[in-house]
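Below, all heavy atoms of this structure are taken into account, side chains as well, without hydrogens, waters or symmetry copies.
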Amino acid sequence: MSISTSVLSDLLQSLPYLRPQLYFKASLTALSHAMEDQVLAATLDQPLIIASFQRERFYRQEAHRYQRLSQRSNQIYVLSAPETDFTNSSEYYEKVAFEPDDALTQEWHLVVIADNYATCLVCRESLGSIAKNRQIPDLLPSLDMDTGRRFEGIWTSERGVSIKAAQLLLDRILVYRPDLASKVEKARQRFGIGGNKAYYSNLITEYACDIDTDPFVQRLVTYLQASQYKLHKAYRSIAAQARKERLINSISTAIRRSLDPHEVLQIAAQELGQHLGASRCLIYRAQASEAQATIEHEFLTPGIVSIAGQTWELKQNPLFQAVVDHGEGVYVSDTMNDARVAKSPTLSATVRKFAVRSWLIEPVLFQGRLLGIVELHYCTLPPHQWQQSELDLVKAIATQIGAALMQAEAYANLEELNQQLEALDRTRSNLIAITGHELRTPLSTIQVCLESLATEPDMPLELQQVMLNTALADSERMRKLVQDFLTLSNLESGRVEWHPESLTLQECVDLALSRIRARPTVEKPPAITAQIAHNLPLVRADGDWLVEVLAKLVDNACKFTPTQGQIIISADQNSSQMVEVAVIDTGRGIEPNLLEIVFDRFYQEEGALRRTAGGTGLGLAICRQIVNGWGGTIWAESNGKDQGSQFHFTIPIVQASKEENKSKVKSKK
């Protein structure tokens with residue numbers, strides 16, 4: 001039943017002198033409303049009104065107006081392609097539902113014929129406009145983006161043209177609503193609709209519009225002005241959206257360009273504060289459990305007090321706590337009339353001190369974890385009324401900041417991993433160098449000694465003994481190297497089982513010294529003196545490992561102290577309920593910048609391949625692992641090269657039982 005022919009084409013073919021014009025939708029809307037208002041304002045009765053709306057959704061916007069028009073006339077016909085529940089009916093006026101593929105879906109018609117005037121608007125939407133609206137139907141849903149739709153057609157008050165347009169539309173109506181034939185015939189007879197071409201030409205001069213057209217013109221101008229205002233408002237919204245996108249893009253560009261979070265956050269504070277015209281914009285790091293935060297980044301307008309570098313209270317700030325609890329931003333339009341501010345002494349003092357009149361706090365989140373805060377302050381009157389677009393913008397910027405912080409954190413983790421890999425590579429190199437030196441040298445010596453003993457049976461007994469002693473010494477050196485490797489590996493991997501017990505430090509010192517003196521040495525060791533306080537309390541540690549630490553520290557001091565030097569072992573109780581032990585020597589000393597790294601694995605002052613003191617470079621690293629294992633600390637002190645060294649470590653003391661404490665109190669009494 002659908003009809004493919006165009007009403008506009010049929011009208012132009014019937015009246016070839018007509019010249020179609022170009023119209024935008026805003027203009028057509030204004031014309032249509034002015035024509036409808038002319039009917040509503042007139043005192044004349046029962047005009048013929050025919051309106052074609054293309055689609056049902058356009059009709060729905062005007063349905064209330066046509067209910068009012070139905071009070072002026074019973075000859076109203078409304079055509080539309082159904083989309084939901086639009087059907088043929090005759091309730092207030094005649095509804096005509098045409099097929100969705102009818103040519104009427106591309107046209108816009110309004111014809112009004114009264115006894116003393118006639119007006120018609122017959123238009124067809126341009127194909128380019130239809131295609132464009134199909135491609136971008138939801139570009140900006142909040143704006144009326146179809147104001148730019150274009151139509152070509154005829155708008156005239158010539159009666160003959162209006163009657164011909166009415167005839168074409170009435171014929172189309174009867175195709176879909178043949179039941180209206182009698183009603184349509186009455187309209188034809190009353191208004192003279194029908195006849196030959198000459199008849200319509202005569203009507204153009206026979207009927208003149210003898211009503212006052214000023215009200216129509218005034219209404220048309222009003223509607224055009226309203227349409228222009230809506231268009232201007234739409235353009236302003238588009239411009240604001242463009243500014244928002246530029247702001248977000250600038251911050252996104254800064255994030256991509258720099259891995260420095262301080263630079264990114266400062267740019268974000270500057271751009272956001274300027275864009276929203278805030279008196280002050282703050283961005284700082286904060287976590288949900290923190291009581292305070294330091295203001296790191298700030299934007300200020302001239303004359304506003306700076307907060308940069310100051311401490312910001314968080315725990316006593318109910319606005320911050322609301323952000324933490326709900327994970328959403330909080331805003332206050334007027335701090336002078338806000339109950340949360342009035343009830344909080346901290347907030348009240350902050351508002352007075354920094355003249356904050358309107359306040360916004362937006363969390364910087366990543367996967368639900370609080371990373372920081374964005375704050376906006378307005379310090380002028382009247383109080384700032386927050387718009388939803390502003391809140392959305394701040395939230396979008398906070399999301400970008402969260403991405404920047406996570407990117408910086410990931411980069412920092414990557415840097416740390418790179419440093420760990422570099423350290424492992426150095427460890428590998430040192431291990432190869434030390435293994436090559438410490439194993440190859442004694443192996444070569446042992447091999448030479450054994451080959452000499454095997455090939456020289458007549459070697460004197462004294463020389464044979466020298467060869468055996470040398471081989472035994474170097475084999476002991478190899479055993480110690482392997483043992484240190486295994487010990488450090490077990491300590492670092494946590495495979496060591498600790499057996500803490502109550503010990504007297506003097507006993508452990510004596511055992512360590514006896515172990516050192518029992519070792520065969522080529523050179524005479526320096527003098528070793530123990531100065532242990534007599535009233536020293538018992539310590540709690542694993543005895544074997546404590547002796548190991550003392551032995552290694554003393555052995556290390558012996559390596560770097562000449563024979564005429566001195567080594568002192570001292571111990572006393574410090575203020576933190578720990579026993580502090582010190583191994584002091586008068587030897588080579590340590591440069592101040594090396595006091596920390598001497599405890600690293602494989603550290604050797606002279607390098608791995610040119611040492612005079614020997615050793616694996618693992619002794620101090622083992623000592624640190626052992627001391628950390630019982631909860632103590634270890635450190636080195638030295639005034640510099642050739643100024644001697646001091647190695648200190650702490651051991652926890654044995655805690656006295658309640659009964660012992662009571663007996664001590666009674667004895668004091």
Side-chain angles (χ1 to χ4, degrees), residues 476 480 484 501-592 594-595 598-599 605 611-624 626-627 630 632-654:
E476 174 62 19
K480 186 175 181 299
D484 282 350
E501 55 184 329
S502 300
L503 304 167
T504 59
L505 186 60
Q506 184 66 58
E507 267 186 69
C508 296
V509 171
D510 294 340
L511 286 171
L513 292 179
S514 64
R515 180 189 296 182
I516 292 172
R517 293 189 179 108
R519 293 174 185 168
T521 57
V522 178
E523 297 181 357
K524 179 182 178 182
I528 303 175
T529 306
Q531 298 177 356
I532 310 300
H534 296 293
N535 59 346
L536 202 64
L538 296 176
V539 296
R540 184 163 184 80
D542 189 307
D544 293 336
W545 290 112
L546 177 53
V547 172
E548 183 74 14
V549 171
L550 289 167
K552 286 189 178 298
L553 290 179
V554 174
D555 186 51
N556 186 72
C558 291
K559 289 178 185 177
F560 298 101
T561 304
T563 304
Q564 64 274 18
Q566 186 178 13
I567 298 174
I568 300 174
I569 304 173
S570 66
D572 205 348
Q573 183 176 351
N574 61 18
S575 58
S576 59
Q577 298 299 308
M578 303 280 281
V579 169
E580 182 178 326
V581 182
V583 178
I584 306 167
D585 64 67
T586 59
R588 188 179 300 177
I590 306 172
E591 295 292 345
L594 302 177
L595 291 174
V598 294
F599 293 97
E605 182 186 11
R611 321 190 291 279
T612 58
T616 64
L618 298 176
L620 293 180
I622 292 173
C623 290
R624 180 171 60 181
I626 296 172
V627 172
W630 64 53
T633 56
I634 186 169
W635 68 97
E637 296 177 357
S638 178
N639 293 327
K641 197 168 183 64
D642 298 326
Q643 299 294 315
S645 306
Q646 300 179 22
F647 285 86
H648 301 256
F649 68 92
T650 59
I651 318 170
I653 65 174
V654 176

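Scanning both residues, Asp542 and Leu503, for their nearest heavy atoms gives C-CD1, 4.3 Å. Between Ser645 and Ile590 the shortest heavy-atom distance is OG-CG1, 3.6 Å. Taking all atoms of both residues into account, the shortest heavy-atom contact from Ser570 to Ile532 is C-CD1, 4.3 Å. The minimum heavy-atom distance linking Met578 with Pro652 is given by the pair SD-CA, 3.5 Å. Nearest heavy atom pair, residue Thr586 against residue Gly565, reads OG1-CA, 3.5 Å.
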- Query: Do Gln573 and Glu580 pass the side chain to side chain contact (heavy atoms under 4.5 Å, CB included) test, and can you show the C-alpha distance, the side-chain angles, and the key distance before you say yes or no?
  - Reply: CA-CA 6 Å; Gln573 183 176 351; Glu580 182 178 326; over 6 Å; no
- Task: Apply side chain to side chain contact (heavy atoms under 4.5 Å, CB included) to the pair Ser502 and Val539, showing each step before the final yes or no.
- Result: CA-CA 6 Å; Ser502 300; Val539 296; over 6 Å; no
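Pro562 is linked by a side-chain contact (heavy atoms from CB on, under 4.5 Å) to Gln564, counting only residues two or more places apart in sequence or in another chain. Legend: residues meeting side-chain contact (heavy atoms from CB on, under 4.5 Å) with Gln643, ordered by chain and number and at least two apart, are Asn639. With sequence neighbours excluded, the residues forming a salt bridge (charged side-chain N to carboxylate O under 4.0 Å, His left out) with Glu548 are Arg515, Lys552, listed by chain and number.
Side-chain contact check for Val583 versus Gln646: every heavy-atom pair is 4.5 Å or farther apart. A 4.5 Å side-chain heavy-atom check between Ile651 and Arg540 finds every atom pair outside the cut-off. A 4.5 Å side-chain heavy-atom check between Ile584 and Phe647 finds every atom pair outside the cut-off.
For the pairing with Thr650, the side chain to side chain contact (heavy atoms under 4.5 Å, CB included) check across Val581, Asn574, Val579 returns one residue only, Asn574.
Using a 30° and 60° split on the angle between ring planes, Phe649 and Trp630 fall in the tilted class, from 30° to 60°.
The structure places CG of Leu550 at 10.0 Å from CD1 of Ile626, a figure rounded to the nearest 0.5 Å.
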